[in-house]
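If you read the sequence from its start, that first residue is 1, and numbering goes on from there.
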Amino acid sequence: MKIRHVNAGVFNPIEEIELTLTPPAEGFYWIDADVEDLAVLQPIFSLHDLAVEDCLTEEEQRPKIEIYDHHYFIVVNSIRFDDEEIFLRALSVFLGRHYIITVTKQKISELRAVKPILWEQEVNEPDRFLYLLIDLVVDNYFLVGDRIEDKIERLEEDILVHTKRSHLNEIIGLRSEILWLKKMLGPQKEVINILNKKDLRLIDDQLQKYFSDIYENAVKISENFDTFRELMGNLREAYQSSIANRANEIMRVFTAITTIFIPLTLITGIYGMNFDNMPELHGRYSYFIVIGIMITLGAGMFYIFRKKDWI
């Protein structure tokens, strides 16, 4: 657990947690905690039992906002994409009048990224800290969305150039993750909408208007993922079409080869009957004549099929 006094964006470490009970003359307290630290923080800040239970649960957290007497409890999902799998990591926030508590189970990059912004903008209020943090979380979805779009384009090019069975697994896996993200974006969008529209005494009225910009970005992200879902459907159709075209190509080649050998088989069948009264069988050059006819016939048919691009 790290305790900091933030004054005009400047961080001052605090050693004793009890000092945070008293509001500072200027600035606010930022407590960056792990879930294990809630056992200490709950009695000090009177954190609601249900909010603490949500932080401790092992299940996937749904974005939400809970309003209590002395603090708000907010859950948003940070996103991470490593080109193989998409991860959502819950970021839990307790917002008070003179403090903000961030609780995470894993490291979240937005908490590191927000520090220079606090210093640059000389942030002095916890509600503005909340705004900047959620803004970073939402902006990160755009970055992940760009990488997903790039992956879809690369996958489409690979399918058109050389279709593999592994492509279908990639399509199914990525489409499932996009649908899952789309499902999680709905509640997160509603949380931001509440921060934008609802009368919240712990958030300054002037600052609350800025949440409308974050909400618009959340709507754009949701629309982008709708587009990604449609693109994945098109990609699956392209895969199936490519597989069907390859099968047709193979069947066409096999058909052409079979067609070439049909007359050759007919000739060998006729002269393989071994009847005594077949003058051609006893000719001195009969074998070479028949072989020549077969070679000429086969080469001619191959030339015709090749010219028509059937082989």
Side-chain angles (χ1 to χ4, degrees), residues 54-55 57-66 73-93 102-111 113 130-160 166-198 210-241:
D54 286 338
C55 293
T57 182
E58 295 295 330
E59 298 179 359
E60 190 176 85
Q61 280 297 303
R62 179 185 176 92
K64 64 180 178 179
I65 177 170
E66 300 288 349
F73 175 62
I74 303 162
V75 179
V76 293
N77 282 324
S78 171
I79 191 171
R80 177 187 169 193
F81 184 37
D82 63 0
D83 289 333
E84 296 295 333
E85 190 174 357
I86 300 173
F87 299 94
L88 289 182
R89 293 178 172 176
L91 171 59
S92 302
V93 179
T102 55
V103 182
T104 58
K105 294 180 181 179
Q106 301 96 3
K107 291 182 179 180
I108 292 180
S109 60
E110 288 85 352
L111 289 176
L130 175 68
Y131 161 74
L132 293 172
L133 183 59
I134 294 180
D135 189 39
L136 282 174
V137 169
V138 172
D139 284 347
N140 212 18
Y141 277 81
F142 281 112
L143 299 178
V144 172
D146 290 340
R147 294 180 64 183
I148 291 175
E149 187 174 6
D150 291 341
K151 185 172 183 178
I152 292 174
E153 290 178 357
R154 291 197 303 269
L155 194 56
E156 183 179 16
E157 291 176 1
D158 290 343
I159 289 174
L160 294 177
S166 59
H167 287 152
L168 181 59
N169 293 331
E170 291 185 53
I171 292 171
I172 294 174
L174 187 56
R175 184 175 184 274
S176 298
E177 290 185 334
I178 290 172
L179 291 175
W180 171 62
L181 278 174
K182 173 63 179 174
K183 181 180 178 181
M184 298 302 294
L185 280 171
Q188 185 144 305
K189 189 170 60 175
E190 290 306 313
V191 168
I192 299 171
N193 194 33
I194 292 174
L195 292 171
N196 171 35
K197 292 186 176 181
K198 190 170 183 178
Y210 286 90
F211 280 100
S212 63
D213 182 60
I214 301 180
Y215 178 73
E216 290 177 3
N217 288 338
V219 172
K220 291 178 183 178
I221 292 168
S222 181
E223 292 173 350
N224 288 346
F225 277 89
D226 281 334
T227 302
F228 295 155
R229 183 178 60 180
E230 294 175 1
L231 289 176
M232 294 309 298
N234 295 339
L235 208 56
R236 186 166 184 174
E237 292 178 1
Y239 170 83
Q240 293 173 339
S241 177

Distance in Å, [X] [atom1] paired with [Y] [atom2], rounded so as to fall on 0.5 Å steps:
X: S176; Y: L181; atom1: OG; atom2: CG; answer: 11.0 Å
X: F228; Y: I221; atom1: CZ; atom2: CD1; answer: 10.0 Å
X: F225; Y: L185; atom1: CZ; atom2: CG; answer: 6.0 Å
X: Q188; Y: S78; atom1: CD; atom2: OG; answer: 9.0 Å
X: E153; Y: L231; atom1: CD; atom2: CG; answer: 8.5 Å
X: R175; Y: E230; atom1: CZ; atom2: CD; answer: 11.0 Å

Kindly indicate whether the side chain of [X], heavy atoms from C-beta on, has any atom under 4.5 Å from the side chain of [Y].
X: T102; Y: L133; result: yes
X: I148; Y: I86; result: yes
X: K64; Y: D54; result: yes

Hey, can you pull the donor-acceptor pairs under 3.5 Å for the side chains in residues 135-144, sequence neighbours left out?
| residue | atom | partner | partner atom | Å |
| --- | --- | --- | --- | --- |
| N140 | ND2 | I79 | O | 3.2 |
| N140 | ND2 | E110 | OE2 | 3.0 |
| Y141 | OH | N77 | O | 2.8 |

Exercise. Shortest non-hydrogen contact from I192 to A218?
Worked result: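 Closest approach of I192 to A218, heavy atoms only: CD1-CB, 4.0 Å.
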Exercise. If every non-hydrogen atom of N196 is compared with every non-hydrogen atom of S212, which pair is closest and at what distance?
Worked result: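 Reported closest heavy-atom pair: OD1-CB, 3.3 Å.
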Problem set entry | Presence of salt bridge, D226 and R229, under 4.0 angstrom |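 Yes, R229 and D226 are salt-bridged.
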Problem set entry | Residue of the set I74, T104, V103, V75 for which side-chain contact (heavy atoms from CB on, under 4.5 Å) holds with L91 |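 Result for side-chain contact (heavy atoms from CB on, under 4.5 Å) with L91: T104.
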Problem set entry | R62 side chain vs P187 backbone, donor-acceptor pair below 3.5 Å |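 No, because the side chain of R62 does not come within donor-acceptor range (under 3.5 Å) of the backbone of P187.
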Exercise. Checking side chain to side chain contact (heavy atoms under 4.5 Å, CB included) for the pair N193/E190: CA distance, chi angles, key distance, verdict?
Worked result: CA-CA 5 Å; N193 194 33; E190 290 306 313; 4.1 Å; yes
